[in-house]
Number of protein chains: 2
Amino acid sequence: MTIYDIAKSCAVSIATVSRVLNGSPKVSPKTREKVLAAMNEHNYKPNPFARGLGLNSMKMIGILCTDVSDAFFAKAVSLVEHDLRKRGLDVILGCTGNELSDKKKYLQLFLDKHVDAIILIGSPFREEQDNSHIEKIAKQIPIITINSLLDVPNIYCVLCDEKEGMQKAIELLAKQHCDNILYLYDSLSYSGQQKLAGYKAGMQEYNLKQVPHLIQRIPRTLEAAEAITTKLLDSGVELSAITASEDLLAVGAQKALSARGIILPVIGFNNSILAECSTPSLTSIDNRLDVLCPAAVTILAQILNGDFAAAPSKTIFPSLLVERESFSHNKPNKKEAAL
Amino acid sequence: MTIYDIAKSCAVSIATVSRVLNGSPKVSPKTREKVLAAMNEHNYKPNPFARGLGLNSMKMIGILCTDVSDAFFAKAVSLVEHDLRKRGLDVILGCTGNELSDKKKYLQLFLDKHVDAIILIGSPFREEQDNSHIEKIAKQIPIITINSLLDVPNIYCVLCDEKEGMQKAIELLAKQHCDNILYLYDSLSYSGQQKLAGYKAGMQEYNLKQVPHLIQRIPRTLEAAEAITTKLLDSGVELSAITASEDLLAVGAQKALSARGIILPVIGFNNSILAECSTPSLTSIDNRLDVLCPAAVTILAQILNGDFAAAPSKTIFPSLLVERESFSHNKPNKKEAAL
DNA sequence: GTGAAAGCGCTAACAT
DNA sequence: ATGTTAGCGCTTTCAC
């Protein structure tokens, strides 16, 4: 069933059929009805390849993340897919892993596939040194980053102020008279840098001493977090609270504490399901994917619509601190506090 | 840069260029080299839409899951994407949610988009009553299901024997002289039925009494699992072990136990990151996504290759029980045991 | 082994 | 408001 068949069955030209297909106003209501009816009757669906050829677009958005099996990225993909679909946009997914060469490959692949835009999820797509490979792509198609910041034309960034988030977490602890606050982190991606900066700013703000052994970079595993925490505890280092760049690390630290029967405030990051599953449940900083993702898609839609003026190049939302047992065992109810 | 440009720059016809593009043997090595060189020099990439029009395929596979933000589905998507990409196949992702009408919509959408095949992830795509909507699609394009079973022509199922998995878990508990084994579950999807059947079979095998209040259907939330477990404990019901259809539920149950200082064997399902993060860490049944997914993609590749004879309509792998603290606090090391 | 030419199903400019 | 027609860039017969 093609546009020709529909045209024939209605005794109109293919141009007219194409017009109703594309919602052109230059069709009389009568013929429009007639054509629509025929399409319905024959259950006609336009061939997307032919359409793609003509329009040079198949309304597909490439979504890239380093790893969808990571809870944080998965949530973002889920939210983005949902909003994209609502606007009739398709999602082609790529999981790049952390190798730069693979990231480049995927970027090029999507470009070659003529996707309409690319959404980069997470800050692993911002390289420490050189992002010229992304800039190059951005010259050809719009790029949206979620939770990363790239100051490049045609790249639109939607992110959460993670530095402030972490800083407020430290403030909260400081106000509870915690001074020796451990910070566990695994990566110095843009996001990683922001969080670390937040920790340092918070510590400085409250004149807390920043000692090297209280800032620990470890692999992103439960075991590593548990091990380093245990090691610090055993070495007699004084700890009054633990913070981490990732819930997983905070859970590991919490396990080390629990194993020794020690109760300390622990604050994680991402407010993932892990925070809830931890025992005691974990206080965590939420980076607002639920608002970042819709915002990103809205901006994307504006751009695809040619409405560049309406598209902010940077959109930054505040973090949210979600308190659970690991912060205050004694408080009767959980509560959320906007930072 | 089109095929015409390349043809011109090599002084050959577009047909020849197309032939080298498609690896046809009817090209002399000399001209092939020449054309390849030109393509390289001009950094030529064939237009996928034009190609799609001609071949009626863009080598895209539709992947459907109800929710990628679920750890289990996310892992499957991740594994499948990886293997698909290795074979030069693209992934278009859809998250349908649990509404049947939405599932149908996505299925039709993918069909209309002329994807080459559809991979259904998880048993939520098998409806209890009527799966004619899937059968209809399967008449047009091949469908692969991961961890679900649909006995329909042109549908290829790759799954894990979850019934046996759960049964062996019960056996293990029975051998440790547990008799009052609670089973928590949330859904009666195909997978849900299998697990429940495994529980029942295991209980029967060891002549353990199956009482209604030891089989509890609850919402898929931590809170629900914790609440029902607490309620049972408080009501004086005797419990000697807890099993669940999902790690999340097992974690909830474990929390209830921990809160009362009770130590019981707890066994979850899916062997997700939650199992590791729980305290004590959770023994769990692994449904082998790491082998199901590659197997599914291999079968898919055979089908797309026209090699239907090589494609088994059902492929079933055994489960794996992964022991952690929740089963045996006293054992010094974790270990894996094939069921 | 290579080339010419006819599609593939649609869009859009142009003509009426 | 509607029809005609020329692409879009590739694949694939069919000749040579």
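Lettering follows sequence order; numbering is per chain, from 1. From a predicted model like this one, the values you see are computed outputs, not experimental measurements.
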Indicate whether OP1 or OP2 belonging to [N] is found under 4.0 Å from a side-chain N or O atom of [X].
X	N	result
A:Y4	C:dT11	no
B:T2	D:dG9	no
B:T16	C:dG1	no
A:T31	D:dT2	yes

Have a look at [X] and say if it touches a base, only the backbone sugar-phosphate, or nothing, with a 4.0 Å heavy-atom cut-off.
X	answer
A:N22	sugar-phosphate
B:A7	nothing
B:S18	base
A:V12	sugar-phosphate

Of the nucleotides [options], which one has an atom closest to the side chain of [X]?
X	options	answer
A:R51	D:dC10, C:dA4, C:dT11	C:dT11
B:R19	C:dC10, D:dG3, C:dT2	C:dT2
B:A50	D:dG9, C:dC10, D:dG3	D:dG9
B:I3	D:dC10, D:dG3, C:dC10	D:dC10
A:L53	D:dC8, D:dT2, C:dA12	D:dC8

For the pair made of [atom1] in [X] and [atom2] in [N], what is the distance, rounded to whole Å?
X	N	atom1	atom2	answer
A:N47	C:dG7	CG	P	17 Å
B:E33	C:dG1	CD	P	15 Å
A:I14	C:dA15	CD1	P	18 Å
A:D112	D:dC10	CG	P	12 Å
A:L55	C:dA13	CG	C1'	14 Å
A:R32	D:dA1	CZ	P	10 Å
B:N56	D:dT11	CG	P	13 Å
A:M1	C:dC8	CE	C1'	16 Å

What's the shortest heavy-atom distance between [X] and [Y], and which atoms?
X	Y	result
B:E81	A:L93	OE2-O, 3.6 Å
A:T96	A:K103	OG1-CG, 3.8 Å
A:C10	A:V35	SG-CA, 3.8 Å
A:P124	A:F73	CG-CZ, 4.0 Å

Checklist entry - Do B:L120 and B:I134 come close enough that some side-chain heavy atom pair is under 4.5 Å? => result yes

Checklist entry - Without hydrogens or angle criteria, can the side chains of A:N56 and A:H114 be said to hold a donor-acceptor pair below 3.5 Å? => result yes

Checklist entry - B:A15 or B:F49: which one's nearest nucleotide on DNA chain D is closer to the 5' end? => result B:F49

